[in-house]
Structures are given as structure tokens and as C-alpha cells.
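Working notes, structure below.
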Amino acid sequence: MAEGTVNQSEKMVHPAVKPLTELLGTWKGDGEGFFPTISSFNYSEELQFSHSPNKPVIAYSSKTWNLKSGQPMHSESGYWRPKPDGTIEVVIAQSTGLVEVQKGTYDMNEGVVKLKSELVGNASKVKEITRVFKLENGELSYVVEMATNLTALQSHLKALLKKL
Ligand code: HEM
């Protein structure tokens with residue numbers, strides 16, 4: 001790599017995105033799904049965080065497959081908008097048609113991003129969604145909780161991913 005290239009590419013990361021640079025890239029791993037009203041299941045996942053130079057936003061996408069059969073399962077994509085004050089807003093569109101506006105905080109000293117839905121739209125059952133992401137020892141884990149019309153807020157998903 002030519003001298004100065006690294007500095008140049010670092011400059012291209014928007015200052016608002018810089019604290020979350022460690023997230024950028026493609027992550028792969030396995031997850032587990034559960035909820036009192038359904039049968040538990042296992043899935044594999046590929047999750048991507050990407051950044052266009054100098055934009056204060058991270059593009060997010062996730063695809064999942066049934067761990068046993070390899071059949072595609074849920075997918076979703078959206079945008080993460082971190083602010084310099086440690087708050088973050090996230091919009092996500094799911095393959096089921098459901099949309100989310102999430103607000104929360106990030107603390108990259110602790111390696112934690114915490115999100116709570118401010119809006120869940122076009123959903124027949126889901127009332128609330130929380131997402132907590134953790135970066136630890138180079139691995140990314142998350143827990144997704146949801147509340148439905150019949151069931152109080154509790155875990156639906158957890159996964160552990162490694163960077164490719
Ligand atoms: C925030 C993201 C998600 C939301 C809001 C969501 C929402 C839901 C809801 C409302 C149900 C029905 C629960 C009930 O009937 O009481 C459900 C079931 C289910 N979800 Fe998710 N889900 C999400 C992510 C995922 C992902 C990533 C996968 C796969 C990897 C997945 C796989 C399933 C499966 C297999 C069922 C059971 C379906 C059935 O038995 O008919 N979900 N989900």
C-alpha cells in the first residue's frame with residue numbers, strides 16, 4: 001500500500017462515524033431464535049456495515065439462512081446515524097414489511113450499542129423492539145427483544161458473529 005494511503009482513508013471516515021469504525025465490514029456467524037409462542041430455531045447470518053466516504057451514516061444489512069437446510073430466512077437493511085454526543089438513530093426495513101425507527105446510545109469504550117424502538121410500523125403483532133449490540137474480543141454479538149400484542153418484551157434472537 002502506498003505511503004499515506006491509510007491516513008487518506010482514515011480521513012474519509014466521517015467524524016460522526018469514526019467512533020464506530022470497528023463495526024465497518026462484513027460479519028458472519030450463527031444465531032438462535034426463540035419466543036414463548038414459537039418453536040426455537042437456529043440460523044446463520046451475514047451482516048454488513050458499510051460507509052460511503054464523508055457521509056455521517058453507516059449502511060446496515062443482514063441476511064439469515066436456516067442453519068440446517070440453508071433456506072433463506074429473514075433479511076433486513078437500513079441506516080445507522082451516530083451523533084457526536086453518543087446518541088444514535090437507526091432506521092430498518094425488514095423483509096416481512098415491518099419498519100423500525102430505533103433510538104439509543106453507543107459507548108465504544110464499553111463496546112455497546114443500545115437501541116429501543118420509537119416507532120414500529122406496518123406490523124400486525126409487534127409493539128416494541130429493542131436491540132443491544134456488543135463488541136468484545138473482536139466478536140460482535142447481539143440480542144433482539146420484542147413485545148407483541150400477546151407477549152411482554154423478551155428475547156427473540158441472539159447471535160455471535162466474527163468479522164470476515
Ligand atoms: C427485529 C426482528 C424481528 C422481528 C420484529 C420478528 C418478529 C416476529 C414475530 C412477531 C413472530 C411471531 C411471534 C408470535 O406469533 O407470537 C416471529 C416469529 C418467527 N420469527 Fe421473527 N422477527 C424478527 C427477526 C427474525 C429473524 C432474524 C429470524 C430468522 C433468522 C426470524 C424467524 C422467525 C421464525 C422462524 C418465527 C416462527 C414463525 C412461525 O412459527 O410461524 N425472525 N418473528
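Quick note: residue numbers are just sequence positions, from 1. Computed from a predicted structure; not experimentally measured. Ligands are counted one by one from 1 in listed order, and the atoms in each one are counted from 1 as well.
Among protein heavy atoms, the minimum distance from atom 2 (C) of ligand 1 is reached at Gln94 NE2, 3.2 Å. In terms of protein heavy-atom proximity, atom 29 (C) of ligand 1 is nearest to Phe41 CE1, 3.5 Å. At the top of the distance list for atom 5 (C) of ligand 1, counting protein heavy atoms only, stands Ile129 CD1, 3.7 Å. The nearest heavy-atom contact from the protein to atom 16 (O) of ligand 1 is Thr37 OG1, 2.5 Å. Of the protein's non-hydrogen atoms, the one nearest atom 15 (O) of ligand 1 is Lys125 NZ, 2.6 Å. The nearest protein atom to atom 10 (C) of ligand 1, hydrogens excluded, is given as Val126 CG2, 3.4 Å; this is a heavy-atom distance.
Applying the 6.0 Å contact sphere to NZ of Lys28 captures no more than 12 heavy atoms from other residues, nucleotides or ligands. Gln154 CD: more than 12 foreign heavy atoms inside a 6.0 Å radius. Heavy atoms from other residues, nucleotides or ligands lying under 6.0 Å from CD of Glu139 number more than 12. Tyr79 OH: 12 or fewer foreign heavy atoms inside a 6.0 Å radius.
Every atom of ligand 1 with a heavy atom of Thr64 under 4.0 Å away is listed here by number and element: 29 (C), 30 (C). Proximity to Val144 (heavy-atom distance under 4.0 Å) selects the following atoms of ligand 1: 1 (C).
Under the 4.0 angstrom criterion, atom 38 (C) of ligand 1 counts as lacking any protein heavy-atom contact. Closer than 4.0 Å to atom 41 (O) of ligand 1 lies none of the heavy atoms of the protein.
Separation of atoms CG (Leu24) and NE2 (His51) is listed at 7.0 Å; rounding is to 0.5 Å. With rounding to the nearest 0.5 angstrom, the CG atom of Leu23 is 7.5 Å from the NZ atom of Lys163. Rounding to the nearest 0.5 Å gives a distance of 10.5 Å between OG of Ser117 and CD1 of Ile92.
Using a cut-off of 4.0 Å between Lys/Arg side-chain N and Asp/Glu carboxylate O, Glu100 and Arg131 are scored as salt-bridged. Salt bridge Glu46/Lys63: absent, no basic N to carboxylate O contact under 4.0 Å.
By the side-chain contact (heavy atoms from CB on, under 4.5 Å) test, Thr37 pairs with Phe35, Thr151, sequence neighbours left out.
Checked by distance only, ligand 1 and Arg131 stay at 3.5 Å or farther apart across all their nitrogen or oxygen atoms. Residue-to-ligand polar distances keep Tyr43 apart from ligand 1: every N/O pair is separated by 3.5 Å or more.
Excluding waters, the set of protein N, O or S atoms lying under 2.8 Å from atom 21 (Fe) of ligand 1 comprises His156 NE2.
Listed here is the closest heavy atom pair of Trp65 and Glu45: CZ3-C, 4.2 Å.
Taking the six-membered ring for Trp and the full ring otherwise, the centers of Trp80 and Tyr106 sit at least 6.0 Å from each other.
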